[in-house]
Amino acid sequence: FDVAAEAIARYQPRDIAVVLDFSGSMNDDSELKSITDQDSRDAILANLQQIYDDLDSPEYGDMQFEPVYISSTDNETIKEQLGLVTVTQVEGTGWSWVRGRGWVWGPVTQTVRTEIEYPYPSGSWDDYINYVKSSYGAPANAGYQKKYGYLTLINYWLEKKDNYDQTPDLWKVSAQPVKAVKDAVSVFMNYIQEVDCDDRAALVIYNSPSAAAKLESGLTENLSIIQDLVQHRQAAHYHDTTNIGAGIREGYLELDSNARVGAKKVIVLMTDGQANEPGGTTNAKQYALQQAAAAAERGYQIVTISLGNGADTDLMRDIAELTNGAHYNIPGGSSLNDYEDELLAVFRRIADDRPLLLVK
């Protein structure tokens, strides 16, 4: 007998809601507080130098990248030594008190202090100096108490002034793990476009100005828009906290409204931390699970990625299991770049995991 069989299948297009954590912890691996040993110290100091270069090596007064020790606790004295304040004597005329004569009009010499303008909307030179001279906190714990320079200034921005409306240039810098996420998403979008299977993507980030989540872009075939938006976001872009549940909700609402009939609906959810909004950690975890259950009821699969040692792997695994999805854990290591290759590999794997539809 001659037996023949034929089947024709095609890739099912996907509508993918990419839901990313842009909370304050997304630059923690580049901060002095993350130093644990000599290897991590070397990596973090090198990364802070790279961030300074990313900002086009700004110059303020006489400051240098390598911090200098100043023993004084007087802010005005410290600013003078750093060249942030210049003191000049100006000759003029005015009233002056002369003993035995009282107030006399005539030549006077006035001292004029001119301070270099602080470069960003939030913060001040005094606030930075108070941060560095404090006996507790990241600079002191890392051996940089009373040491002033661009290294500790950048750390001040990353730790204390990381929101976009505080220090709007931080989206440009190579802070970790946010840089690793940006690079991986860019590879993800490029890969989807190269394969050209009619996939679309939306972008949700958490948190928003209201500490919830924000739909940055609805579902679109123009994936370069997603790449550009991700590149222009920074850790704590809108808010510091982590509202995983709101991210999931915003993702499935976009799929509800705009996903195509016949497309596979997927949410790709990433976090490096612990859910803490709304209402604290316990309530926030429960809320995230409730929103995952709502996505499951709709038939939406959630693929979760927990990034770094601080991520809640149990929660992310539970969310994936609730929706018949998959969980990828990238624990990271002592080097800032340990997980970059792993993260890229995970996003490539997600891009490759394409459902097939039997046509004939």
Side-chain angles (χ1 to χ4, degrees), residues 14-30 50-51 54-55 158 162-165 167-195 199-209 212-244 246-248 250-251 254-255 258 266-273 302-308 311 328 330 336-337 339-351:
R14 294 176 298 181
D15 284 332
I16 307 168
V18 180
V19 181
L20 302 178
D21 183 349
F22 273 86
S23 59
S25 60
M26 285 294 288
N27 62 24
D28 279 5
D29 289 353
S30 295
Q50 179 60 54
I51 290 171
D54 294 338
L55 293 171
L158 293 177
D162 46 358
N163 291 19
Y164 181 78
D165 62 1
T167 311
D169 282 343
L170 291 182
W171 67 268
K172 303 175 182 178
V173 306
S174 305
Q176 293 287 16
V178 67
K179 179 182 181 296
V181 171
K182 289 181 177 184
D183 291 346
V185 171
S186 183
V187 168
F188 185 40
M189 295 296 116
N190 285 337
Y191 194 89
I192 291 174
Q193 291 178 93
E194 289 169 5
V195 176
D199 288 339
R200 300 190 305 169
L203 176 64
V204 174
I205 73 170
Y206 57 97
N207 282 321
S208 70
K214 180 175 175 60
L215 178 67
E216 295 279 14
S217 172
L219 287 163
T220 178
E221 296 174 355
N222 188 352
L223 302 184
S224 61
I225 291 175
I226 307 297
Q227 290 173 285
D228 186 65
L229 285 167
V230 171
Q231 289 299 322
H232 284 79
R233 297 297 174 266
Q234 60 197 54
H237 191 91
Y238 298 114
H239 204 280
D240 290 334
T241 53
T242 305
N243 195 330
I244 295 175
I248 296 171
E250 204 65 42
E254 172 59 16
L255 295 177
N258 296 310
V266 181
I267 296 173
V268 178
L269 173 69
M270 186 284 304
T271 189
D272 79 321
I302 302 180
V303 178
T304 61
I305 304 168
S306 49
L307 175 65
Y328 299 97
I330 304 172
L336 292 175
N337 299 318
Y339 41 58
E340 283 197 271
D341 290 342
E342 295 179 66
L343 188 61
L344 289 170
V346 165
F347 272 98
R348 286 194 184 100
R349 196 177 310 168
I350 296 169

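Start at 1 with the first residue, then count along the sequence.
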> Hey, is the main chain of Ser174 close enough, under 3.5 Å, to the side chain of Asp54 for a donor-acceptor pair?
Replying inline: yes

> Ignoring hydrogens and geometry, is there a side-chain-to-backbone donor-acceptor pair from Thr271 to Gly273 under 3.5 Å?
Replying inline: yes

> Are side-chain heavy atoms of Val266 and Asp15 found at a separation under 4.5 Å?
Replying inline: no

> Angle class for the Phe188/Phe347 ring planes (parallel below 30°, perpendicular above 60°, tilted otherwise)?
Replying inline: tilted

>> Rounded at 0.5 Å granularity, tell me how far NE2 in His239 sits from OG in Ser208.
In response: 8.0 Å

>> Using 0.5 Å steps for rounding, measure from the CD atom of Gln234 to the CG atom of Leu158.
In response: 9.5 Å

> If you round to the nearest 0.5 Å, how far is CG of Leu223 from CD1 of Ile16?
Replying inline: 8.0 Å

> Counting only N and O atoms by type, is there a donor-acceptor contact under 3.5 Å from the side chain of Lys172 to the main-chain atoms of His232?
Replying inline: no

>> Can a donor-acceptor pair be found, under 3.5 Å and without considering hydrogens, that links the side chain of Lys214 to the backbone of Ile205?
In response: no

>> Between Ile226 and Val18, is there a side-chain heavy-atom distance shorter than 4.5 Å?
In response: no

>> Please check this pair: side chain of Glu254 against backbone of Leu215, looking for a donor-acceptor N/O pair closer than 3.5 Å.
In response: no

> Do you see a donor-acceptor pair shorter than 3.5 Å between the side chains of Ser224 and Asn222?
Replying inline: yes

> Under 3.5 Å, is there a donor-acceptor pair between the side chain of Asn163 and the main chain of Asp165?
Replying inline: no

> NZ of Lys182 to CG of Leu343: how many Å apart, nearest 0.5 Å?
Replying inline: 13.5 Å

> Which is it for Ser186 and Asp183 under the side chain to side chain contact (heavy atoms under 4.5 Å, CB included) test, yes or no, and what are the steps along the way?
Replying inline: CA-CA 5 Å; Ser186 183; Asp183 291 346; 5.7 Å; no

> Going by atom types only, do Gln227 and Asn190 share a side-chain donor-acceptor pair under 3.5 Å?
Replying inline: yes

>> Using the rule given for side chain to side chain contact (heavy atoms under 4.5 Å, CB included), can you reason through Tyr238 versus Tyr164, listing the C-alpha separation, both sets of side-chain angles and the distance that settles it, and then say yes or no?
In response: CA-CA 6 Å; Tyr238 298 114; Tyr164 181 78; over 6 Å; no

>> Could you go through Val303 and Leu269, starting from their C-alpha distance and side-chain angles, then the distance that decides it, and tell me whether this counts as side chain to side chain contact (heavy atoms under 4.5 Å, CB included)?
In response: CA-CA 6 Å; Val303 178; Leu269 173 69; over 6 Å; no

> How many angstroms lie between atom CD1 of Ile305 and atom CG of Asp272, to the nearest 0.5 angstrom?
Replying inline: 12.0 Å

> Would you say Ile350 and Tyr328 make side-chain contact, with heavy atoms under 4.5 Å?
Replying inline: yes

>> One pair to check against side chain to side chain contact (heavy atoms under 4.5 Å, CB included): Thr167 and Asp162. What are the steps and the verdict?
In response: CA-CA 6 Å; Thr167 311; Asp162 46 358; over 6 Å; no

> Are the side chain of Asn207 and the backbone of Asn243 linked by a donor-acceptor contact shorter than 3.5 Å?
Replying inline: yes

>> Is it true that Gln176 and Ser30 share a donor-acceptor pair across their side chains at a distance under 3.5 Å?
In response: no

> Pick from Leu20, Leu229, Val230: which one makes a side-chain contact (heavy atoms from CB on, under 4.5 Å) with Glu216?
Replying inline: Leu229

>> Any side-chain to backbone donor/acceptor pair from Asp199 onto Arg14? Under 3.5 Å, distance only.
In response: yes

> Is the backbone of Ala246 close enough, under 3.5 Å, to the side chain of Glu250 for a donor and an acceptor to pair up by distance?
Replying inline: no

> With a 4.5 Å limit on heavy-atom distance, are the side chains of Val19 and Ile248 in contact?
Replying inline: no

> Between Ala213 and Val204, what is the shortest heavy-atom contact and its length?
Replying inline: CB-CG1, 4.1 Å

> Any donor-acceptor pair under 3.5 Å linking the side chain of Asn27 with the backbone of Ala175?
Replying inline: no

> With side chains defined as the heavy atoms from C-beta onward, is the minimum distance between Tyr206 and Phe22 less than 4.5 Å?
Replying inline: no

